[in-house]
Asker: 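Structure below; questions to follow.
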Amino acid sequence: MSEQQSELSAAKLAVSDHEMIRIAEMHKWYGQFHVLKNINLTVNKGERIVVCGPSGSGKSTLIRCINRLEEHQRGQIIVDGTELTGDLKHIEQIRREVGMVFQHFNLFPHLTVLENCTLAPIWVRKMPKAEAEDVARSYLERVKIPEQAEKYPGQLSGGQQQRVAIARSLCMNPAIMLFDEPTSALDPEMIKEVLDVMIELARDGMTMICVTHEMGFAKTVANRVIFMDGGEIIEENEPQEFFNNPQSERTREFLSQILLH
Amino acid sequence: MSNALQTPVAPPRNGFSLGKIWTDKRSRGVIIQIFATAAFFAFIFWLLRNAVANFETLGKPFGFDFLWQESNYDINQHLIEYDSRSSHFRAGVVGVLNTLLVAVCGIVLSTILGFILGVLRLSPNWLVNRLSYCYIEFVRNVPVLVHILLIHGILVHALPGVKAVLKGATDDASQQFFLTNRGFYVPRPIFESGIWLVVAAIIGGIAIAMWYRRQARIKQADTGEQSPVFWMSVLAILGLPIVAYFLAGQPIQWDAPVPGRFNFKGGMALKPEFLALWLALSLYTAAFIAENVRSGIEAVSQGQTEAAHALGLPRGRTMNLVIIPQALRVIIPPLTSQYLNITKNSSLAIAIGYMDIVATIGGITLNQTGREMECMIIVLSLYLMFSLTISLLMNWYNKRIALVER
């Protein structure tokens, strides 16, 4: 056991205990198009980070690089001590520890809500079915839809589907949660039910990175707000400072546009 | 909320009154249907009566008694005993079996080829997907009759004649396969008494594989451990019969074709007509099935793959657990059409003299007896029966895997 552990820690790179994600001098191109330029970002355990910026600024691409749904071409991404390279074993290992919630939910329509939640624990974590179902039910309870467990995704409302998607990610017991515009596809009255779940998650100490335009959410739960434009991180600050005293001209412009509404 | 559950509100029902019978949507629908049905059957009845009356004036009474007359013609490929003294009925049965043989073999081969081609078509490897693309575009844009004639032509004209093969054959007994333009001569299996052990082993192997699969599922549900179901099934289904074969003292003898003076003695021949029809239909239909498979897989949104990957599911599992179950729903309905097409296209057999149901009952029997009405009714209803059976099976399967919404 101890031998295994020492092997494991040897495999992990030398980072501080608190560091969950480190992105250093990272670049990404789509063909000739330079999407992400020299990204440097460190996320510590328990931090809640909100990423905002105009559309096309590379926010989604950035968080999709963290679980390798997108490949970066230069620089370094280290997640929980494991560096992301072409190594499939490492990629799968990181994906097990990083949960992701998508704008369009991406629930599996051919499986019930409960099966959506138990699929990965059973096939990836090799969890006994009864145990996986217990875990799933407890998370469905937490996102406040335990009574929908036997239904199919097509029978739920958008807000309910997004909460199932959050529960599905939590069932893998991830160390980090990534949210890619989780409320953008929802009707206004459903946004709150999803945000409430996310706020509760933040209070429980989950490490989170959220791409969102919900500035209220950013003010309530974020430790740090990151503003991106043109594939670069323009500004990075605590929410109080970020909203009251933005440093760059572009940030001010962006904030004036979205806060006027 | 609880109050609403106790007294459910029923959907409102409209009261019935005679005055509204024509303005009410539902009762008007019923009336129209009754009249339409009556008119349809009256039309069919008129058609049939007309036909029977006309045949009677021609002096051709309607009836199926001709089926028991001697057929007076030979059929080169018969799966059951048949010669020219057999009845027309028996010729028909031979034709039906030949149609079914080529249809079933065609469905199996075209499905396998189609799925492989469809998946290759989506390969990220440029060469592989281009090759698959070229195959599909070439094959499906040439009429199937041309494919049949082409392959038949190759088999008949490019392969050496029996005489030439016999001349070239040495006394070397090791040669057991002969390619000639009259057929592909191969050894014929002769089953001895010990064969029951092998048959039992095959059935047992399948049973064991199914049992193992069940046990593996139960074990996974209980402990989470996964078992190598695929490889254990292969071992049981292939391994067991092989062991049984040797235990029973090798109960299959092979009767190899031996070159004689004018022809081969023993063995059996796969006829060029069958080979040409089977290959042409399969290769042609496979191109269409490949496109169905490709569109089915592409119809599953990229988000599904991303969600599965984000949960840590590896590629293979993502395919088996997430993509394929959803793709099948898109693939099955057009696949049914392709199975129907291959069955019906097999009637092109007549172009190269493969004796299917159209060539026997609808061809020679019709010409000899002059019973065109009866023969066409038989052929029509047989094809209808095959097609409806396929439709029924596929629709049942499609329903079983359909998506639940609302």
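Naming convention: chains lettered A, B, ... in sequence-line order (proteins, then strands); numbering from 1 in each chain.
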Asker: For chain A, which of B/T305, B/L313, B/V322 has the most heavy-atom pairs under 4.5 Å?
Answerer: B/V322
Asker: Quick check on A/F102 against chain B: is it the side chain, the backbone, both or neither that has a heavy atom closer than 4.5 Å?
Answerer: side chain
Asker: Let me know if A/L69 has heavy atoms under 4.5 Å from chain B in its side chain, its backbone, both or neither.
Answerer: side chain
Asker: Counting only heavy atoms closer than 4.5 Å, note whether A/M127 contacts chain B via side chain, backbone, both or neither.
Answerer: backbone
Asker: Quick check for you: to the nearest 0.5 Å, what is the distance between B/H309 atom NE2 and A/M100 atom CE?
Answerer: 13.5 Å
Asker: With respect to chain B, which residue among A/E133, A/R64, A/R96 yields the maximal number of heavy-atom pairs within a distance under 4.5 Å?
Answerer: A/R64
Asker: Specify the closest pair of heavy atoms between B/D222 and A/P128, including all atoms of both residues, with the distance to one decimal.
Answerer: O-CB, 3.0 Å
Asker: Contact between A/K126 and B/Q226 at the side-chain level, heavy atoms closer than 4.5 Å - yes or no?
Answerer: yes
Asker: Between B/L311 and A/F108, does the side chain to side chain contact (heavy atoms under 4.5 Å, CB included) criterion hold? Intermediate values first, please.
Answerer: CA-CA 12 Å; B/L311 285 166; A/F108 305 130; 4.1 Å; yes
Asker: I need the residue from A/L178, A/L107, A/V101, A/V98 with the largest number of non-hydrogen atom pairs under 4.5 Å to chain B.
Answerer: A/L107
Asker: Select one option (side chain, backbone, both, neither) describing which atoms of A/I94 are under 4.5 Å from chain B's heavy atoms.
Answerer: neither
Asker: For each of B/P325, B/G303, B/A221, B/A310, tally heavy-atom pairs with chain A at distances under 4.5 Å, and name the one with the top tally.
Answerer: B/A221
Asker: Considering only heavy atoms and a distance below 4.5 Å, find which of A/M172, A/E97, A/H104, A/R168 pairs most often with chain B.
Answerer: A/R168
Asker: More than 12 foreign heavy atoms under 6.0 Å from CH2 of B/W211: is that the case here?
Answerer: no
Asker: Given B/L321 and A/L119, is the side chain to side chain contact (heavy atoms under 4.5 Å, CB included) satisfied, shown in steps?
Answerer: CA-CA 9 Å; B/L321 298 171; A/L119 186 77; 4.1 Å; yes
